[in-house]
**Student:** 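First the structure, then my questions, so here it is.
A, B, ... follow the sequence lines: proteins, then strands. Residue 1 opens every chain. Because the structure is predicted, anything quoted here is derived from the model rather than measured.
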Number of protein chains: 2
Amino acid sequence: MFTLSEENYLKAIYHLEIDTEKGISTNAIAEQLATKASSVTDMIKKLSDKKVVVYKKYKGVKLTDLGKKIAANIVRKHRLWEVFLVEKLNFSWDEVHDVAEQLEHIKSPKLINQLDALLGFPTHDPHGDPIPDKDGNLKTIDKSLLSTLSKNEIGICVGVDDSSSEFLQFLDKKGITLGKQITVLEKEDFDDSLSIEVEGKKLSISNKIANNLYIKKQ
Amino acid sequence: MFTLSEENYLKAIYHLEIDTEKGISTNAIAEQLATKASSVTDMIKKLSDKKVVVYKKYKGVKLTDLGKKIAANIVRKHRLWEVFLVEKLNFSWDEVHDVAEQLEHIKSPKLINQLDALLGFPTHDPHGDPIPDKDGNLKTIDKSLLSTLSKNEIGICVGVDDSSSEFLQFLDKKGITLGKQITVLEKEDFDDSLSIEVEGKKLSISNKIANNLYIKKQ
DNA sequence: ATTTATTTTTAGTCAAGACTAAAAATTTAA
DNA sequence: TTAAATTTTTAGTCTTGACTAAAAATAAAT
């Protein structure tokens, strides 16, 4: 069994491993968890003893298969709870993260299986992120950043890279939500901003926004 | 804000105060929480500093109004989650306690309000225990132990005093659940056992069972 | 009204998980 | 290939919440 803190470390390493094959540095983990590198070193030793990470001093850490499975299960719970909050309790997509952060640590296999069923076995959370299955496997869809679309391309909004509440609220304000069709009308060379159309409305979108929106091309 | 441990102490004292007007002894709290009296003394000091209990050395403790409100809110959350587990996730009444024990500590007023609404503002949990409202008030119904009914009296099962899974599973086996009508056919003087009828079936019930079942007389 | 038994508190430890400051190892640059 | 910069680890502390053993206070019994 893992403590709250151990679970949070596993999850942090899991998320960091998505972007790289290399070992994860203590500093990277410390930043992710808003803690100090020295605290990370201490915890890594415990996790290493428990066979969920492999650790060599001064080299980064990697999750073992067991570690990956445990971490994926926490992410699975987090994302299922997010779906629950949005679908059943009328939360908006910018409100769910902090609560799911607490709920993901509840220990009860039956609870999470039943929740999964209640929600109709969803594959993605309210931000478009994939929900790991019981074995930790992800169903990835091929998606592109809005910024990579060319003029006149059309796609469906399927996710966000940044799921901070500020960004999500901004999208709400602009009428951009998951499932909406987006057409690229114009690309400005000098600042990489876009002119797009969403539900008949024309919008101007900065490159920063376009770099954080995932689109499924049609 | 209160820690997990502080919340558990408040809840324990809250439950112990239901049966008495007197201050709650350190020993009683220690027993309730399966800890030691010395640990209780330590925690009581912290809770006293936080103005949720009044504490005089060697005299028991009592919750302050603030303490009562906080404790009632934890009980409220516990019982609402129990209803959720039974009504929405197909848990049986003997499976809910341990999970609710975890869920009760989730901090999100919106979550609990929305859950309350989703469940149709229930007033009692799956064991017949009242759910405190937002201000901590309980809707008490007048109920009697089955053991206090006389021959030929009829009542509806509205709750249990002991909600251990062993007892609840025993009741399931006998076909006794909340809402069932129970008729007292016979009372045996020598061992205070009862002969009762539930849904047309005649059952023999020991005094220990009858002392743990709440009935609403008709 | 003492003595005895019980309850409660104090004093001193311990483990988990965090921190700071300093030392050691590694990487980068000159 | 040394020197400088960066990263990581160690050593030592702190807080929370628990524990044991002993002391102190209260309650019960003779």
**Student:** Listing request: all side chain to side chain donor-acceptor pair (under 3.5 Å) pairs with a residue in residues 58-73 of chain B, at least two apart in sequence or in separate chains.
**Tutor:**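 Not a single pair qualifies under side chain to side chain donor-acceptor pair (under 3.5 Å).
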**Student:** Listed by chain and number, what are the side-chain contact (heavy atoms from CB on, under 4.5 Å) partners of B:Asp129, not counting sequence neighbours?
**Tutor:** B:Arg79, B:Asp125, B:His127
**Student:** Is there a residue in residues 97-105 of chain A whose heavy atoms reach under 4.0 Å of DNA chain C, and which residues are they?
**Tutor:** none
**Student:** Would you mind writing out the side-chain donor-acceptor pairs for residues 44-51 of chain B within the sub-3.5 Å range, not counting sequence neighbours?
**Tutor:**
unit_1, atom_1, unit_2, atom_2, d
B:Lys50, NZ, B:Met1, O, 3.3
B:Lys50, NZ, B:Glu6, OE1, 3.0
B:Lys50, NZ, B:Glu6, OE2, 3.1

**Student:** Sequence neighbours left out, what pairs pass side chain to side chain donor-acceptor pair (under 3.5 Å) with at least one residue falling in residues 134-146 of chain B?
**Tutor:**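 The answer is none; no pair qualifies.
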**Student:** What integer distance in Å separates B:Ile44:CD1 from C:dT7:C1'?
**Tutor:** 15 Å
**Student:** With a 3.5 Å cut-off and sequence neighbours excluded, list the donor-acceptor pairs that the side chains of residues 14-30 of chain A form with protein atoms.
**Tutor:**
unit_1, atom_1, unit_2, atom_2, d
A:Glu17, OE2, A:Leu63, N, 2.8
A:Thr20, OG1, A:Lys22, N, 2.9
A:Ser25, OG, A:Ala28, N, 3.0

**Student:** Could you list the protein-to-nucleotides 2-6 of chain C atom pairs, N/O on both sides, closer than 3.5 Å?
**Tutor:**
none

**Student:** What residues form a side-chain contact (heavy atoms from CB on, under 4.5 Å) with B:Gln114, not counting sequence neighbours?
**Tutor:**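 Per chain and number, B:Gln114 pairs via side-chain contact (heavy atoms from CB on, under 4.5 Å) with A:Leu89, A:Asn90, A:Phe91, B:Lys110.
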**Student:** Taking 4.0 angstrom as the limit, do A:Lys187 and A:Glu153 come out as a salt bridge?
**Tutor:** no
**Student:** Looking at residues at least two apart in the chain, or sitting in another chain, which of them share a side-chain contact (heavy atoms from CB on, under 4.5 Å) with B:His124?
**Tutor:** B:Pro130, B:Ile141
**Student:** Salt bridge (Lys or Arg N to Asp or Glu O under 4.0 Å) with B:Glu188: which residues, sequence neighbours excluded?
**Tutor:**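 By the salt bridge (Lys or Arg N to Asp or Glu O under 4.0 Å) rule, B:Glu188 matches no residue at all.
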**Student:** Can you name the residues that form a salt bridge (Lys or Arg N to Asp or Glu O under 4.0 Å) with B:Glu31, not counting sequence neighbours?
**Tutor:** none
**Student:** Going 5' to 3' through nucleotides 9-19 of chain C, assign each nucleotide B (protein heavy atom under 4.0 Å from a base atom), S (under 4.0 Å only from sugar-phosphate atoms) or - (no protein heavy atom that close).
**Tutor:** BB-----SBSB
